[in-house]
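What follows is a short report on a single structure.
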Amino acid sequence: MPQTKHPSNAPQLLSSVTVARLPARQAHAHKGDFGHVLVVGGDLGTGGAVLLSAEAALRCGAGLVSVATRPEHVSASLARLPEVMCLGVRSANQLMGVLERASVLVVGPGLGQAAWGCSLLSAVANAERPQVWDADALNLLARTPLALPSGSILTPHPGEAARLLGIATEAVQADRPGAARKLARRYNSVCVLKGAGTLVAAPSGQLALCERGHPAMAGAGLGDVLTGVLAALLAQGLDAWGAACLGVWLHACAGERLGKKGRGLAASDLAPVIRELLEEHSACLA
């Protein structure tokens, strides 16, 4: 996708033609070729959020997926996703070993804003890996500014964007392109401003718009799925811009396809459909 020279230019529409493609896999490929995604979060009472992200990363082709969450959630996590390595952590010190092994980090789903979440976020922020920040990671970022590693992605909804910018949610919605671009510049990261007409902004001012999706997607957990999709695409070699544009488009198209059935769309419904769409767009075999 060409760089936008002037920030005032209209955003480029995301479509099957304009989004990146994953390369076909070689016959001798192995799991180590496709990255290791670590999802950090899931405080007490919100353990499902990290599982939604982890499942999405798994279904979108990450070679390895790990979850770092409260020890109380480990048994349920293994029962739900036996393919995912699950580590129970009570403090940031217990996170260090798996941080070193991961190639892409997701932080925020179910993280909470208490001491446990704050300590884990601080440890993640200091790891020089591409990262996807969502949910409470963004709320904590608004309270305590941190520098994100190069190649990272922020995924705020309008309320989170407002807190990060120190303005009202209504102001964000009144100028969504301006808000997305400002966040991308401020944090030197690609920003995905969620909502109807999701926008992807780069620090350079480049902007893309997704017009796909469905009102049935207005429900809990769909953002957690998106973070996992983005992380899997980063793990497989796309840069932050390419991963964000492709991931947003896949997520919206999956919701649109499932939305035809009407209300009651659950976040966990999305991952299998996103997998189908990714194969239609970027076949695994040449």
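Note that the numbering runs from 1 along the sequence shown for the chain.
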Just by distance, do the side chain of [X] and the backbone of [Y] share a donor-acceptor pair under 3.5 Å?
X      : Y      : result
Gln236 : Cys60  : yes
Gln94  : Ser91  : yes
Gln131 : Val124 : yes
Arg176 : Lys194 : yes
Trp116 : Val89  : yes
Arg25  : Cys284 : no
Ser282 : Glu279 : no
Asn126 : Ala123 : no

Do [X] and [Y] have side chains that approach each other closer than 4.5 Å (heavy atoms only, starting at C-beta)?
X      : Y      : answer
Leu258 : His214 : no
Arg163 : Asn139 : yes
Arg59  : Ile274 : no
Leu13  : Ser15  : no
Pro109 : Leu111 : no

If you look at every heavy atom in [X] and [Y], which pair is closest and at what distance?
X      : Y      : value
Ala220 : Ala267 : O-CB, 3.6 Å
Val40  : Val50  : C-CG1, 4.1 Å
Ala171 : Ile167 : CB-CD1, 3.9 Å
Ala179 : Leu193 : CB-CD2, 4.4 Å
Pro156 : Ala161 : CB-N, 3.7 Å
Leu230 : Ala244 : CD2-CA, 3.7 Å

Exceeds 12 heavy-atom contacts within 6.0 angstrom, atom [atom1] of [X]:
X      : atom1 : value
Arg263 : CZ    : no
Arg275 : CZ    : no
Arg90  : CZ    : no

Answer yes if [X] and [Y] sit in the same cluster of Ile, Leu, Val, Met, Phe, Trp and Tyr residues linked by side chain heavy atoms under 4.5 Å apart, and no otherwise.
X      : Y      : value
Leu78  : Met85  : no
Leu52  : Met217 : yes
Leu277 : Val200 : yes
Val107 : Met96  : yes
Val39  : Leu81  : yes

If you round to the nearest 0.5 Å, how far is [atom2] of [Y] from [atom1] of [X]?
X      : Y      : atom1 : atom2 : value
Thr69  : Leu51  : OG1   : CG    : 7.5 Å
Thr155 : Asp134 : OG1   : CG    : 3.0 Å
Trp133 : Leu148 : CH2   : CG    : 4.5 Å
Ser152 : Glu128 : OG    : CD    : 8.5 Å
Ile153 : Thr227 : CD1   : OG1   : 10.0 Å
Asp269 : Arg257 : CG    : CZ    : 14.0 Å

**Study point:** Residue pair Leu14, Arg212: steps toward the side chain to side chain contact (heavy atoms under 4.5 Å, CB included) verdict
**Key:** CA-CA 9 Å; Leu14 298 182; Arg212 306 295 294 269; over 6 Å; no

**Study point:** Check ion pair Lys31-Glu83 (N to O, under 4.0 angstrom)
**Key:**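 Judged by the 4.0 Å cut-off on N to carboxylate O distance, Lys31 and Glu83 do not form a salt bridge.
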
Practice item. Test side chain to side chain contact (heavy atoms under 4.5 Å, CB included) on Cys245 and Thr18 and set out the steps. Key: CA-CA 9 Å; Cys245 290; Thr18 60; over 6 Å; no

Practice item. Among Leu105, Val104, Leu234, find the residue that satisfies the side-chain contact (heavy atoms from CB on, under 4.5 Å) test when tested with Arg129. Key: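 In the set Leu105, Val104, Leu234, the residue that makes a side-chain contact (heavy atoms from CB on, under 4.5 Å) with Arg129 is Leu105.
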
Practice item. Decide yes or no on side chain to side chain contact (heavy atoms under 4.5 Å, CB included) for Leu222 and Leu265, but give the supporting numbers first. Key: CA-CA 9 Å; Leu222 275 80; Leu265 173 62; 4.2 Å; yes

**Study point:** Of all pairs that satisfy ring pair (Phe, Tyr, Trp, His ring centres under 6.0 Å), the ones with a partner from residues 244-285, not counting sequence neighbours
**Key:**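 Counting only pairs at least two positions apart or across chains, the ring pair (Phe, Tyr, Trp, His ring centres under 6.0 Å) contacts touching residues 244-285 are Trp249-His281.
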
Check your understanding: Under the side chain to side chain contact (heavy atoms under 4.5 Å, CB included) criterion, do Arg101 and Ser66 qualify, and how do the steps go?
Key -> CA-CA 10 Å; Arg101 296 191 296 273; Ser66 294; over 6 Å; no

